[in-house]
Amino acid sequence: MTRTPELTAVLICPDRALAQEFSTTIADLKALNIVGEVKEYPPTALLDQRLSHLRPDLVLLDMASDREAGLRLIAHLCTAHPTLAVIGLHHTRDSETILLCLRAGVAEFLHGPFRLADAEQALHRLVRRKESDVRHQPPRGRLVAFVPAKGGSGATTVASHVAYYVRKLTDKKVLLADFDLTAGTICFLFKLSHSYSLLDAMRHSHQLDESLWGSLVADHAGMDILPAPEKPHTAPIEAYRVHECLEYARSYYDYVVVDLPSISEKVAGATLNEADEIYLVTSPALPSLFLARKTLALVEEMGLAKEKVRVLVNQLNKRDDLSLGDMEKIFRYPIFATFPSDASGVRRALTEGKPLADNTELGAACRRFAEGLTGGAKGPKRALGGFKGLFGERQLVAPAGKPVA
């Protein structure tokens, strides 16, 4: 038999005898690595958190201890984690349980007495299905998330204008989504009034299609905007609804730019797990820098890939006491890019309800950042430099892809 690539798994098995029997059988199976073990049927919220941290390829699920509890977990896994394969485990070949599991959505079923050859064949089938899914998977849009270290850091302003300039530079389909369910301000920035919001998209996440989506988003400056609800919404949003909403958006747009609330909000955590790039926006103020350090520590605890996370320093001006090197020492992370303080430009844009023009300091910085993000897809490429004429030799916008030294 040809060698199967290694797959990682989480084992959920309250029946310790079943766990021991299965683990002993697969001890020499190089193609499977159990990276986590849960000794009881967990609450779905706790399970989601564990899976987000470990990112396994599959779940091995005890169906002998409590069949109904197992079936409920299968239903949740198939909805909230549709790319995750589930393998049912049982002491015996229980035909009724096998049929119920297959109907619920398990990919494979293994029963005692366990045989190494059966496990190998099941893994080969999973790998073949996974490779086939990858080959037939349509292109997915790039998901870029902006999250503030502290309120007032200007993350919404940066996210909104980066999205605007990505659309202007590339002619690609761009979605700007306001995921702050309690204090979203993108509609305020652009003087938008819209009947529907992100909350409606979440409530109908399993029914999204082109017609419904078209009524949910508002068009502004060539990009689609999914607004936050007008009234603050404090009830929790299930992670699977966030996933379904983002998956639909990525199937429809080339770029999905998400403006997030604090990382401690559940909707932010669910989104960051899906993001291709995460931009943490801080101001040069000491409280913001301190919270940026705490946020970076939390990101690490969440198990997010470090290379996806980039720090942006916004509202920078030449009167700041701290140098960029000093700031990096505070939050122990490289600065990816910086944006200048431009109170007059922002105030004028708010008054007009229009995006910042690229002849303003911040507008020009956002354009350069978007050029780096997209590779400068339309028109002549412009050098990504700083405002040396205004700020001397101090560089205010780092070359995209390179941290400030």
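Since the model is a prediction, treat every value here as computed from it, not as a measurement.
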**OP:** Could you tell me which residues satisfy ring-ring contact (aromatic ring centres under 6.0 Å, His included) with Tyr248, sequence neighbours excluded, listed by chain and number?
**Re:** Trp213
**OP:** Return yes if a side-chain donor-acceptor contact under 3.5 Å exists between Asn273 and His243, otherwise no.
**Re:** no
Subject >> Inter-residue atom distance Glu328.CD - Ser323.OG, 0.5 Å rounding >> reply: 8.5 Å
Subject >> Spatial distance of atom CZ (Arg125) from atom CD (Glu120) [nearest 0.5 Å] >> reply: 11.5 Å
**OP:** Not counting sequence neighbours, which residues clear side chain to side chain contact (heavy atoms under 4.5 Å, CB included) with Pro287? List them please.
**Re:** Lys150, Ala285
Original post:
Checking Ser205 side chain against Ala201 main chain: does a donor-acceptor pair fall under 3.5 Å?
Top reply: no
Subject >> side-chain contact (heavy atoms from CB on, under 4.5 Å) evaluation trace for Val311 with Val281 >> reply: CA-CA 6 Å; Val311 175; Val281 182; over 6 Å; no
Original post:
Any sub-3.5 Å donor-acceptor pair from Ser23's side-chain atoms to Gln20's backbone N or O?
Top reply: no
Original post:
Can you find a side-chain donor-acceptor pair between Thr170 and Thr374 that sits under 3.5 Å?
Top reply: no
**OP:** Would you please say whether a donor-acceptor pair under 3.5 Å links the side chains of His204 and Gln207?
**Re:** yes
Subject >> All pairs passing ring pair (Phe, Tyr, Trp, His ring centres under 6.0 Å) where residues 273-305 contributes a residue, at least two apart >> reply: Phe146-Tyr279, Tyr279-Phe336, Tyr279-Phe369
Original post:
Who are the side chain to side chain contact (heavy atoms under 4.5 Å, CB included) partners of Leu100, not counting sequence neighbours?
Top reply: Arg67, Leu71, Glu96
Give the table of side-chain donor-acceptor pairs shorter than 3.5 Å for residues 223-237, with sequence neighbours excluded, one pair per line with atom names and distance.
{"unit_1": "Asp224", "atom_1": "OD2", "unit_2": "Tyr253", "atom_2": "OH", "d": "2.6"}
{"unit_1": "His233", "atom_1": "NE2", "unit_2": "Ala235", "atom_2": "O", "d": "3.3"}

**OP:** For residues 173-189, pull every pair meeting side chain to side chain donor-acceptor pair (under 3.5 Å), keeping only residues two or more places apart or in separate chains.
**Re:** Asp180-Thr182
Original post:
What is the distance from atom CG of Leu7 to atom CG of Asn33, rounded to the nearest 0.5 Å?
Top reply: 10.0 Å
Original post:
Side chain of Arg367, backbone of Asp358: donor and acceptor closer than 3.5 Å?
Top reply: no
Subject >> Non-hydrogen side-chain atoms of Leu272 and Leu260 separated by less than 4.5 Å >> reply: yes
Subject >> Check: Ile98 main-chain N/O paired with His111 side-chain donor or acceptor under 3.5 Å >> reply: no
**OP:** Please report the C-alpha distance between His91 and Glu21 in whole Å, then the side-chain angles of each, then the deciding distance to 0.1 Å, and finally whether the side-chain contact (heavy atoms from CB on, under 4.5 Å) criterion is met.
**Re:** CA-CA 9 Å; His91 287 291; Glu21 182 184 358; 3.9 Å; yes
Subject >> Any donor-acceptor N/O pair, Glu352 side chain to Phe190 backbone, under 3.5 Å >> reply: no
Original post:
Do Glu108 and Leu126 pass the side-chain contact (heavy atoms from CB on, under 4.5 Å) test, and can you show the C-alpha distance, the side-chain angles, and the key distance before you say yes or no?
Top reply: CA-CA 8 Å; Glu108 297 285 344; Leu126 286 179; 4.2 Å; yes
Subject >> Derivation of the side-chain contact (heavy atoms from CB on, under 4.5 Å) call for Thr295 and Thr282 >> reply: CA-CA 10 Å; Thr295 301; Thr282 179; over 6 Å; no
Original post:
So how far is it from Leu99 CG to Phe109 CZ, rounded to the nearest 0.5 Å?
Top reply: 11.0 Å
Identify all side-chain donor-acceptor contacts of residues 79-89 below 3.5 Å with residues at least two apart in sequence or on another chain.
{"unit_1": "Thr79", "atom_1": "OG1", "unit_2": "Ala75", "atom_2": "O", "d": "3.0"}
{"unit_1": "His81", "atom_1": "NE2", "unit_2": "Asp48", "atom_2": "OD1", "d": "2.7"}

Subject >> Val257 side chain near Val166 side chain, heavy-atom distance below 4.5 Å >> reply: no
**OP:** Ignoring hydrogens and angles, tell me if any N or O in the side chain of Lys30 forms a donor-acceptor pair with the backbone of Glu6 under 3.5 Å.
**Re:** no
Original post:
Under 4.5 Å between any side-chain heavy atoms of Leu110 and Asp118, yes or no?
Top reply: yes
Original post:
Pairs in or reaching into residues 57-66: which pass salt bridge (Lys or Arg N to Asp or Glu O under 4.0 Å), with residues at least two apart or in two chains?
Top reply: Asp57-Lys130
Original post:
When rounded to the nearest 0.5 angstrom, what is the spacing between OG1 in Thr8 and CG in Leu58?
Top reply: 7.0 Å
Original post:
What salt bridge (Lys or Arg N to Asp or Glu O under 4.0 Å) pairs are there with at least one residue in residues 260-286, not counting sequence neighbours?
Top reply: Arg142-Glu277, Arg250-Asp276, Glu277-Arg310
Subject >> Donor-acceptor contact present, side-chain Arg16 to main-chain Cys13, <3.5 Å >> reply: yes
**OP:** Not counting sequence neighbours, which residues clear ring-ring contact (aromatic ring centres under 6.0 Å, His included) with Phe114? List them please.
**Re:** Phe22
Original post:
Is the shortest distance from a Lys or Arg side-chain nitrogen in Arg241 or Glu244 to a carboxylate oxygen in the other one below 4.0 Å?
Top reply: no
Subject >> Euclidean distance, Leu143 CG relative to Glu247 CD, rounded to 0.5 Å >> reply: 9.0 Å
Original post:
Do any pairs count as a salt bridge (Lys or Arg N to Asp or Glu O under 4.0 Å) and have a residue in residues 291-301, sequence neighbours left out, and if so which ones?
Top reply: none
Original post:
Any donor-acceptor pair under 3.5 Å linking the side chain of Ser288 with the backbone of Ser283?
Top reply: yes
Donor-acceptor list for residues 154-163 side chains, cut-off 3.5 Å, not counting sequence neighbours:
{"unit_1": "Thr156", "atom_1": "OG1", "unit_2": "Asp259", "atom_2": "OD1", "d": "3.3"}
{"unit_1": "Thr156", "atom_1": "OG1", "unit_2": "Asp259", "atom_2": "OD2", "d": "2.7"}
{"unit_1": "Ser160", "atom_1": "OG", "unit_2": "Thr156", "atom_2": "O", "d": "2.7"}
{"unit_1": "His161", "atom_1": "ND1", "unit_2": "Thr157", "atom_2": "O", "d": "2.8"}
{"unit_1": "His161", "atom_1": "NE2", "unit_2": "Leu356", "atom_2": "N", "d": "2.9"}

